[in-house]
Amino acid sequence: GQGVEQPAKLMSVEGTFARVNCTYSTSGFNGLSWYQQREGQAPVFLSYVVLDGLKDSGHFSTFLSRSNGYSYLLLTELQIKDSASYLCAVRDGSSGNKLIFGIGTLLSVKP
Amino acid sequence: EAAVTQSPRSKVAVTGGKVTLSCHQTNNHDYMYWYRQDTGHGLRLIHYSYVADSTEKGDIPDGYKASRPSQENFSLILELASLSQTAVYFCASSDKRAGERLFFGHGTKLSVL
């Protein structure tokens, strides 16, 4: 069916890296966004991708493969403050550019 | 920095009562949205608007009305609040329907008892 899937939880260690996966199935595709949401706060935009490949934005990098319906958000040199939920959202171009959100992946960064 | 402000921050309502959530943006954006967030669900679109005095239904509009009296203001109205409407509600704005970036308000935690 149509939707955006993300693992519910992910754990990693300070100073290392974490990869947050997102798979999607939509009739059309018009871009994919990543948001960070800290506990009790609003989602904050991190990145937008529409073309295949890796987009490096420093602490955050984003990969997209449209043929596989797959994206990941890569966080490097993790800090404790990176602990948050990371939301994947896909623009479905076949349904009026509706934005479909995944449930979010709760990343816990341990010392 | 673009700003979206919501009021109230939290609200306790009784079943069957009327609730109004307000949203104000200073981004000069045409599009405004109301989402609800529940554990185990992604953000779900309730209503949206792309011009003043006009609103559109999102994916889960039942039990909700919306009002856009001006470009800056967008309200969500629960005429008869129900237990199932307990959730966190987020308002957001963007400069076009397929905008890359949504700017979210801080959210309103609504508890219906």
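A, B, ... follow the sequence lines: proteins, then strands. Residue 1 opens every chain. Keep in mind that what you see is a predicted model, and the values were worked out from it rather than measured.
- Nearest heavy atom pair, residue A:Ala42 against residue B:Gly105, reads CB-O, 2.9 Å.
- Here the side chains of A:Leu87 and B:Leu43 are in contact, with some heavy-atom distance below 4.5 Å.
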Could you please spell out the steps behind the side chain to side chain contact (heavy atoms under 4.5 Å, CB included) verdict for B:Tyr48 and A:Leu99? CA-CA 12 Å; B:Tyr48 68 97; A:Leu99 194 60; over 6 Å; no
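- Of all the listed residues (A:Gly31, A:Pro43, A:Ala89), the one sharing the greatest number of non-hydrogen pairs under 4.5 Å with chain B is A:Pro43.
- Taking hydrophobic clusters as Ile, Leu, Val, Met, Phe, Trp and Tyr residues chained together by side-chain heavy-atom distances below 4.5 Å, B:Ile77 does not share a cluster with B:Ile60.
- Contacts between A:Glu5 and chain B at a heavy-atom distance below 4.5 Å are absent for every atom of the residue.
- Taking a 6.0 Å sphere around OH of A:Tyr70, one finds it holds more than 12 heavy atoms contributed by other residues, nucleotides or ligands.
- A pairwise comparison of heavy atoms in A:Phe45 and B:Leu102 identifies CB-O, 4.5 Å as the closest pair.
- A distance below 6.0 Å separates the ring centres of B:Phe104 and A:Tyr35.
- Closest approach of A:Gln41 to B:Phe90, counting heavy atoms only: O-CZ, 3.8 Å.
- Within residues 101-111 of chain A, the residues having any heavy atom less than 4.5 Å from a heavy atom of chain B are, in residue-number order, A:Phe101, A:Gly102, A:Ile103.
- Summarising the local packing, OH of B:Tyr50 is surrounded by 12 or fewer heavy atoms from other residues, nucleotides or ligands at distances under 6.0 Å.
- Contacts between B:Gln6 and chain A at a heavy-atom distance below 4.5 Å are absent for every atom of the residue.
- When heavy atoms are compared at a cutoff of 4.5 Å, B:Asp59 approaches chain A solely by way of its side chain, counted from C-beta outward.
- Atom CD of A:Glu14 has more than 12 neighbouring heavy atoms from other residues, nucleotides or ligands inside a 6.0 Å radius.
- Note on A:Ile80 and A:Leu78: same hydrophobic cluster, where clusters join Ile, Leu, Val, Met, Phe, Trp and Tyr whose side-chain heavy atoms are under 4.5 Å apart, directly or indirectly.
- Under a cut-off of 6.0 angstrom, the local environment of NZ in A:Lys55 is crowded, with over 12 non-hydrogen atoms contributed by other residues, nucleotides or ligands.
- Residues forming a salt bridge (Lys or Arg N to Asp or Glu O under 4.0 Å) with A:Arg19 (at least two apart in sequence, or on another chain): none.
- Taking OG of A:Ser47 as the start and CZ of B:Arg101 as the end, the distance is 11.5 Å to the nearest 0.5 Å.
- Neither A:Leu74 nor A:Leu46 shares a network with the other; the hydrophobic side chains, linked directly or stepwise wherever heavy atoms of I, L, V, M, F, W or Y lie under 4.5 Å apart, form separate groups for each.
- If you chain together hydrophobic residues whose side chains sit under 4.5 Å apart, B:Leu76 and B:Tyr31 never meet in one group.
- Linking ILVMFWY residues whenever their side-chain heavy atoms come closer than 4.5 Å, directly or via other members, places B:Phe74 and B:Leu110 in the same cluster.
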